[in-house]
Structure formats: structure tokens, C-alpha cells
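Here the structure comes first, spelled out in C-alpha cells, and everything after it is commentary.
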Amino acid sequence: MDIAALSVAMNQAALSQAASLKVMNMAKGQAEQQGQNLVQMMNASLNPNVGKNLDIRV
């Protein structure tokens with residue numbers, strides 16, 4: 001195999017891997033942000049008075 005062709009193939013593989021890692025890093029950051037938003041929404045929705053009383057009439 002030609003050295004130049006091997007060099008090009010290796011560079012293309014390295015570029016592909018770097019692009020994949022960048023996309024994965026972006027997805028990880030977005031998932032972390034969504035998780036933090038979910039925790040904030042859950043904390044905001046807590047109401048200590050809900051469920052303490054039950055009114056029943058027959």
C-alpha cells in the first residue's frame with residue numbers, strides 16, 4: 001500500500017473520530033442541561049400542603 005494513501009486514510013479516520021467525539025460531547029452537555037432543568041421543575045412543584053387532608057362526603 002502506498003504511504004500517501006495510508007496517511008490520507010488515517011487522517012480521515014482521525015477526523016471522523018474527532019467529529020464523533022464533538023457531537024457526543026454536545027449531546028452530553030444538552031442531556032446534563034435537561035436533567036438540571038428537570039430537577040429545578042420538580043423542586044419548584046413541591047407543595048408541602050398537598051396530601052395532608054382528605055375531604056370525604058357521602
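No experiment lies behind these values; they were computed from the predicted model shown. When reading the values below, keep in mind they use all heavy atoms of this one structure, side chains included, and skip hydrogens, waters and symmetry mates. Residue numbers start at 1 and run along the sequence shown.
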Point-to-point distance, once rounded to the nearest 0.5 Å, from CD of Q34 to CE of M41:
10.0 Å

Atom pair CG (L21) and NZ (K28), whose distance is rounded to the nearest 0.5 Å:
11.0 Å

In a check of side chain to side chain contact (heavy atoms under 4.5 Å, CB included) between M42 and each of L46, V39, L38, which one passes?
L38

Strictly distance-based, threshold 3.5 Å: is any side-chain N or O of S16 a donor or acceptor partner for the main-chain N or O of Q12?
no

